[in-house]
Participant: 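Mind having a look at this structure? Questions to follow.
Convention: sequence-line order gives letters A, B, ...; per-chain numbering from 1.
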Protein chains: 2
Amino acid sequence: MPSKPDSITMDAVYTAPGYLFRRMQQIAVAIFVEECRAFDLTPVQYAALVSIHTHPGIDATRLSAVIAFDRSTLGNVIERLESKAFIERKPGREDKRVKLLYLTKAGVATLREIMPSVENAQARMLQPLKAADRKVLLALMTQLVDLNNEASRVPLRAEDALEHLGKST
Amino acid sequence: MPSKPDSITMDAVYTAPGYLFRRMQQIAVAIFVEECRAFDLTPVQYAALVSIHTHPGIDATRLSAVIAFDRSTLGNVIERLESKAFIERKPGREDKRVKLLYLTKAGVATLREIMPSVENAQARMLQPLKAADRKVLLALMTQLVDLNNEASRVPLRAEDALEHLGKST
DNA sequence: GTCAGATTGTAAGTATGCTGTCAATTAAGT
DNA sequence: ACTTAATTGACAGCATACTTACAATCTGAC
């Protein structure tokens, strides 16, 4: 309980949950990039690819809700994926504002090829822990992220993914 | 175990530890910014202030090792803290390359005032969990970050903080 | 003492992640 | 039908976070 600055130590940083989350995120990205450096895909770009593969013809706004990425950020991500020829943007027929997203053949192929490396990376992040602890940590993180969903600037809305189908129902 | 893209679902994203860490980091920053919006300090800037307060006269390279921030990133952070008049940079006498960092009076005052808000923010991040689970999560995260230290691009080197003292020993 | 190599701060370039704003378009209310 | 609301993608701007490169400086080997 350091309340006066005179009593501030580095523990005010090191033991803060926010610092641990930041640090672990940095480590997770470093591991992902290292395992996947052959594929020219970042973690964010990978998540976007998976989502577009799962929801072909989704638009950028819905995609941002499905992976909880900021809409502005996602615009740049989509641009890069398009310039790498992993995805295509096609104008919507009903709604002239939207641009529908689809994987290209190269995108599908890359996704198939990168999968084992991604799984290696995800495993490596938790490897230092005992198997039982890994499960506990994953369960608690899943719970915490879910319960804090609304505190996020861009809450996850997985259901939004279905809106681009059967809109006329 | 989805190995063929045809069997990929969003679980390939949602249950990946890397995704959970990213999401939680975003939530943590959002909560910090909301609780501390009266102070014009980001989480990173706060950590830097605490470190400079704890290690007056530290230089930027050592500071980056102490809070595990990239040296380049930290350059910009320091610039912003200086332009806000929270810190001062003074040229080193022995080594003309380094610039030593000190808190200004405004920096010390701000640090004292922001402390309660930071603690509120840190508490809010874990609040959705039961008290016992909070302890477990914190312990596991601390362990995991520590054991993965070398996997990070900028490993934490807390001891480096002491080097700017008694260099001539 | 001098020269090779390391270190320090800085800068440019790329990639998230957020804040706003804006024009175009669509949807809703009357 | 017509005006107002909301939505969509795009853009500008700020703040991390990393890469490489570079000039100034320092250190060590000889």
Participant: From the options dT8(C), dT16(C), dA17(D), select the nucleotide whose nearest atom is closest to the side chain of Val77(A).
Facilitator: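 Shortest atom-to-atom distance from the side chain points to dT16(C).
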Participant: Are Lys90(B) and Glu82(B) close enough for a salt bridge, meaning some N to O gap below 4.0 Å?
Facilitator: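 Salt bridge: no.
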Participant: Syn versus anti for dA5(D), judged by chi lying within 90° of 0?
Facilitator: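 Glycosidic conformation of dA5(D): syn.
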Participant: Could you tell me the separation between the CG atom of Asp59(A) and the P atom of dT26(C), rounded to a whole number of Å?
Facilitator: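 In whole Å, dT26(C) P lies 13 Å from Asp59(A) CG.
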Participant: Show me the protein contacts with nucleotides 20-24 of chain C, counting only N or O atoms at under 3.5 Å.
Facilitator:
unit_1, atom_1, unit_2, atom_2, d
dG20(C), O6, Ser72(A), OG, 3.1

Participant: List in chain and number order the residues that pass side chain to side chain donor-acceptor pair (under 3.5 Å) with Gln127(B), two or more places apart in sequence or in another chain; answer none if no residue qualifies.
Facilitator: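 Residues passing side chain to side chain donor-acceptor pair (under 3.5 Å) with Gln127(B): none at all.
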Participant: Could you check which residues of residues 29-47 of chain A get a heavy atom under 4.0 Å from DNA chain C? Sort them by number, please.
Facilitator: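 Of all residues in residues 29-47 of chain A, the ones placing a heavy atom under 4.0 Å from DNA chain C are Thr42(A), Val44(A), Gln45(A).
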Participant: Check Val145(B) against Ile27(A) and note the closest heavy-atom contact, atom names and distance.
Facilitator: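 Reported closest heavy-atom pair: O-CD1, 3.9 Å.
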Participant: Quick check: closest heavy atoms across Ser64(B) and Val154(B), and the distance to 0.1 Å?
Facilitator: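 Here Ser64(B) and Val154(B) meet closest at O-CG1, 4.0 Å.
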Participant: Using side-chain contact (heavy atoms from CB on, under 4.5 Å) as the criterion, list what pairs up with Asp146(B), not counting sequence neighbours.
Facilitator: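 Expected list: none.
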Participant: If you check every side-chain atom of Asp95(B), which of dT25(D), dT16(D), dG9(D) has the closest atom?
Facilitator: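 Nearest listed nucleotide: dT25(D).
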Participant: Whole-Å distance between dC14(D) C1' and Arg80(B) CZ?
Facilitator: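 Arg80(B) atom CZ is separated from dC14(D) atom C1' by 7 Å.
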Participant: Name all pairs fulfilling the salt bridge (charged side-chain N to carboxylate O under 4.0 Å, His left out) condition that reach into residues 124-133 of chain A, sequence neighbours left out, sorted by first residue then second.
Facilitator: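 Only Glu34(A)-Arg124(A), Glu35(A)-Arg124(A) qualify under salt bridge (charged side-chain N to carboxylate O under 4.0 Å, His left out).
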Participant: For Glu79(A), check salt bridge (Lys or Arg N to Asp or Glu O under 4.0 Å) against everything at least two apart and list the hits.
Facilitator: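 Applying salt bridge (Lys or Arg N to Asp or Glu O under 4.0 Å) to Glu79(A) gives none.
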